[in-house]
Amino acid sequence: MKVIKMVLWTLWRIWFYILMGVPIIVLSPLLILSILSQKTYPQFFLLARLWAKLILFGMGFYYKIEWEQKMEKGKSYMLVANHTSMTDIMLMLIISKNPFVFVGKKELAKIPVFGFFYKRTSILVDRGDAKSRLEVFKRAQERLNQGLSVCIFPEGGVPDDETVVLDAFKDGAFRLAIEHQIPIVPMTFADNKKRFSFNFFSGTPGLMRAKVHSFIATKGMTLEDKKALKDETRQVIYYQLLKYLKK
């Protein structure tokens, strides 16, 4: 039975990468046209949202999103959530209709097909390189000045310890939010780790729950408020994760 499960998991994981790649190849003429100019990024974003839905539904995932507050069209936000799965990317794309750019690790750019567009539309960071981290702030500021939102998973990666509910948050998202006086949008993803973790032989089709919490305003804040803002945001997500674990 264990061998059969491992075979099924392997086929299911391969199917995930097929679902990632094939729509990109099919849509590549439109995708390439949409990344030729920063002005056409909203069109690229619409295609990215379609791609995300194809993957989640194709993998047998369906989602339920609870909203405490809705985002306003045309407004910039700092989107933050806990990070446990590659499917966090797809779920975030589905949740936000406001065009945004990801700040993410450069390693994802190595994924065939997906990586070609990822590195041209996202802000990549080498977390071990101080110069790279500074460049992230510069590029994120440019995108915010263009009226886009930014998405950062503030844990800085997926926790190595499987028992960690929510890792410590990095400062970047909160510094940018304060500098641009844009609201933080905390989100809690309840089931992505269970559905599709980074452990190869794991996961099942099923429900993905997410909660979009009330926004945290940064108007009037200075960088001296950065730690308090970071701690408040983390507490919102952490306590919601604990509630999900009890259900």
Side-chain angles (χ1 to χ4, degrees), residues 2-24 48 51-63 79-95 101-119 121-129 132 136 151-170 172-173 186-211 234 237-238 240-242 244-245:
K2 187 175 179 180
V3 173
I4 294 173
K5 281 186 176 181
M6 291 176 72
V7 170
L8 291 174
W9 268 322
T10 300
L11 293 174
W12 193 56
R13 291 273 170 163
I14 292 170
W15 176 239
F16 175 78
Y17 289 104
I18 291 172
L19 283 172
M20 280 185 68
V22 171
I24 294 176
W51 168 82
K53 289 180 181 180
L54 288 172
I55 292 172
L56 293 191
F57 287 128
M59 290 296 290
F61 302 136
Y62 58 99
Y63 47 85
L79 313 177
V80 301
N82 56 307
H83 190 30
T84 56
S85 169
M86 278 193 69
T87 58
D88 297 340
I89 293 173
M90 294 82 187
L91 190 56
M92 185 66 77
L93 283 166
I94 287 168
I95 288 172
V101 292
F102 284 105
V103 174
K105 55 186 181 181
K106 68 174 187 176
E107 288 80 6
L108 290 178
K110 297 176 183 178
I111 298 175
V113 186
F114 168 81
F116 175 84
F117 292 99
Y118 179 76
K119 66 184 177 182
T121 56
S122 300
I123 301 171
L124 307 189
V125 59
D126 180 352
R127 301 191 188 278
D129 185 344
S132 173
V136 165
C151 172
I152 298 178
F153 296 108
E155 291 167 277
V158 176
D160 294 326
D161 187 344
E162 288 283 322
T163 64
V164 173
V165 176
L166 186 67
D167 215 341
F169 280 6
K170 311 291 185 185
M187 304 184 198
T188 305
F189 296 166
D191 306 299
N192 292 22
K193 183 177 181 178
K194 178 170 63 177
R195 294 285 163 247
F196 199 83
S197 77
F198 283 91
N199 180 358
F200 191 85
F201 296 110
S202 67
T204 60
L207 175 65
M208 285 180 166
R209 293 167 295 167
K211 184 167 184 175
R234 187 179 180 278
I237 296 173
Y238 178 72
Q240 184 61 46
L241 283 171
L242 293 182
Y244 280 132
L245 288 172

| field | K105 side, atom NZ; Y118 side, atom OH - distance, nearest 0.5 Å | value | 8.5 Å
| said: Would you compute the distance between atom CE of M59 and atom CE of M90 and round it to the nearest 0.5 angstrom? | reply: 9.5 Å
| side chain to side chain contact (heavy atoms under 4.5 Å, CB included) evaluation trace for F201 with K2 | CA-CA 10 Å; F201 296 110; K2 187 175 179 180; over 6 Å; no
| field | Shortest non-hydrogen contact from A48 toward L93 | value | O-CD1, 3.9 Å
| said: What's the separation between atom CD1 in I89 and atom NE2 in H83, rounded to the nearest 0.5 Å? | reply: 6.5 Å
| query | For the atom pair CG (L79) and CZ (F153), what is the distance rounded to the nearest 0.5 Å? | reply | 9.0 Å
| R209 backbone acceptor or donor facing D191 side chain under 3.5 Å | yes
| Judged by atom type as modelled, is there a donor-acceptor pair below 3.5 Å linking the side chain of R234 to the main-chain atoms of L166? | yes
| request: Specify the closest pair of heavy atoms between A173 and I152, including all atoms of both residues, with the distance to one decimal. | output: CA-CD1, 3.7 Å
| request: Keeping the roles fixed (side chain from R13, backbone from S202), state whether a donor-acceptor pair exists under 3.5 Å. | output: yes
| query | What residue among W12, F16, F189 forms ring pair (Phe, Tyr, Trp, His ring centres under 6.0 Å) with F61? | reply | W12
| query | After noting the C-alpha distance and the side-chain angles of L91 and T87, does the key distance pass the side chain to side chain contact (heavy atoms under 4.5 Å, CB included) rule? | reply | CA-CA 6 Å; L91 190 56; T87 58; 5.9 Å; no
| Is the closest side-chain heavy-atom distance between N82 and T188 below 4.5 Å? | yes
| Can any side-chain N or O of W9 pair as donor or acceptor with the backbone N or O of G203 at less than 3.5 Å? | yes
| request: Locate the shortest heavy-atom distance separating A210 from I95; write the atom from each residue and the value. | output: CB-CD1, 3.9 Å
| query | Considering only heavy atoms from C-beta outward, does the side chain of Y62 approach that of L207 to under 4.5 Å? | reply | yes
| Taking it one step at a time, do I237 and E155 satisfy side chain to side chain contact (heavy atoms under 4.5 Å, CB included)? | CA-CA 12 Å; I237 296 173; E155 291 167 277; over 6 Å; no
| query | CZ/F102 to CG/L124 distance, rounded to the nearest 0.5 angstrom? | reply | 12.0 Å
| said: Show the nearest heavy-atom pair for residues R195 and G206, with the distance to one decimal. | reply: NE-C, 3.3 Å
| task | Could you tell me which non-hydrogen atom of P23 sits nearest to which non-hydrogen atom of W51, and how far apart they are? | result | CB-CD1, 4.0 Å
| said: Tell me whether the count of non-hydrogen atoms from other residues, nucleotides or ligands lying under 6.0 Å of CZ in F114 goes above 12. | reply: yes
| query | To the nearest 0.5 Å, how far apart are CG in L11 and CE in M6? | reply | 12.0 Å
| message | Is any side-chain heavy atom of F200 closer than 4.5 Å to one of T10? | response | yes
| task | Mind listing the closest non-hydrogen atom pair of L19 and L54 along with its distance? | result | CD2-O, 4.3 Å
